[in-house]
Amino acid sequence: MPAISMKVNGQAVCGEVEGRTLLVEFIREKIGLTGTHVGCDTSQCGACVVLVNGKAVKSCTALAVAHDGAEVITVEGLAADGKLHPMQEAFKDNHGLQCGFCTPGMVIASIDMVNRLGKNLSEETIRHELEGNICRCTGYHNIVAAVKAGAANM
Amino acid sequence: MENFNYHRPASVDDAVKAAKAHPEAKYMSGGQTLIPAMKQGLAAPSDIIDLGALKNSGVSLGSSLVIKAGTTHAEVASNADVKKAIPALAGLAANIGDPHVRHKGTIGGSIANNDPAADYPSACLGLGATIHTNARKIAADDFFTGLFSTALEEGEVVTAVEFPLPKKAGYAKFPNPASRYAMIGVFVADTGSGARAAVTGAGHGVFRAKEIEGALAKGFSAASLNGVKVGTDNVAGDLHASAEYRAHLITVMAKRAVDAAK
């Protein structure tokens, strides 16, 4: 089995993987970071979104072996010095979650959105950009409000 | 997912060698279609030849627009030369899948797969692009040969897509509300030597709509398409839409594409 190494949330990690090991399996099962979720088996829901070399990708639709040497940020890597990331804080303040299962992917996708498009996001832009993240609880209203508020505070 | 042997060649030549050595191998570019297909058991290649290490991405604009095969949808959507030369192509790329898919999926992967509801094949056919491979150049008119099939030979790999610069071009799609794939997408171009109109999402693979092209030849405007009916010869029906409904959508989307053309 090939051995790979990555930097996950700033820490060097390594492990052996099969060709078919998905990035999300490596993150959850090898490294034990279970904040990144698997919500579907069809690459649609976005619960597994992480930042790879600064860009949001679906870790369920990426081979771990192809990411040897990558820098990965998961939801566990966002808070610093005991303080939530502004986007996490905004999801909390705006009730941008109910069951919370989609939230790690939502938060990472939202940070990626701000990184690409800036802090001043219209509701229309936010809704369009969240096309790859599905929530079955909230009806999205409070998620959109959270992203808008979180973006402004980033 | 079935396991496979993983290869990560550093050159096109090595990729082709690996493919020739392993007849059941598949090339993988962004993997945004292939990995889901493998997870569902719809594909189980013995070997994956990952083209990611080729670093074959980028755009160059001269008398034509050349996009290297490994360029992601996100890169095409945000590239200044693409936006300037063929804004419809940048707009098309910006609406493939979702942001996360666009960070991974590539133009070469999309056209080599030739999904009957993919967006890029319609742009290639609508603009009269030329597909560059490791071995030759293939006109888009000859490249797309039907449902998930292309003129690529065993082991042949797409290296770039070359788009001639149109006077104007536009794209409009009616996305399936659930999958967001095109129920019908129409790419129109006023090439300077005639109008072209390519349709995706109709079920059997991308094709040129002669009825639309004939009407636009009389004047590249939405008004030219009033009353134009497209037959159901190339159109399939399924649980999402009947063939007649899709055929009707072709004219509707063609009008929107012409209206949006820049």
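Each chain gets a letter, A, B and so on, in the order the sequences are listed, and its residues count up from 1.
We find that Arg116(A) and Asp112(A) are joined by a salt bridge, their nearest charged nitrogen and carboxylate oxygen being less than 4.0 Å apart. Of the charged side-chain nitrogens involved, none lies within less than 4.0 Å of a carboxylate oxygen, so that Arg8(B) and Asp68(A) do not count as a salt-bridged pair.
The candidate with the highest count of non-hydrogen atom pairs below 4.5 Å against chain A, out of Val101(B), Ile48(B), Ile35(B), is Ile35(B). Counting heavy-atom pairs under 4.5 Å between each of Asp41(A), Thr42(A), Val52(A), Thr21(A) and chain B puts Asp41(A) at the top. Listed options Gln40(B), Glu2(B), Lys39(B) were ranked by heavy-atom pairs under 4.5 angstrom with chain A; first place goes to Lys39(B).
Between the side chains of Asn9(A) and Thr74(A), at least one donor N or O sits under 3.5 Å from an acceptor N or O. Counted by atom type alone, Asp14(B) and His7(B) present zero donor-acceptor pairs between their side chains at under 3.5 Å.
Heavy atoms of Asp50(B) lying under 4.5 Å from chain A belong exclusively to its side chain. Contact of Leu22(A) with chain B is made through the side chain alone, with heavy-atom distances under 4.5 Å. Proximity to chain A is absent for every atom of Asn5(B), based on heavy atoms less than 4.5 angstrom apart. Using a 4.5 Å cut-off between heavy atoms, Met28(B) contacts chain A through its side chain alone, with no backbone atom that close. Using a 4.5 Å cut-off between heavy atoms, Val57(A) contacts chain B through both its backbone and its side chain.
Results of the side-chain contact (heavy atoms from CB on, under 4.5 Å) test with Tyr27(B) over Val16(B), Leu34(B), Val158(B) single out Val16(B) as the only residue that passes.
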**Study point:** Tyr120(B)/Val161(B) under side chain to side chain contact (heavy atoms under 4.5 Å, CB included): CA gap, chis, key distance, verdict
**Key:** CA-CA 11 Å; Tyr120(B) 267 131; Val161(B) 185; over 6 Å; no

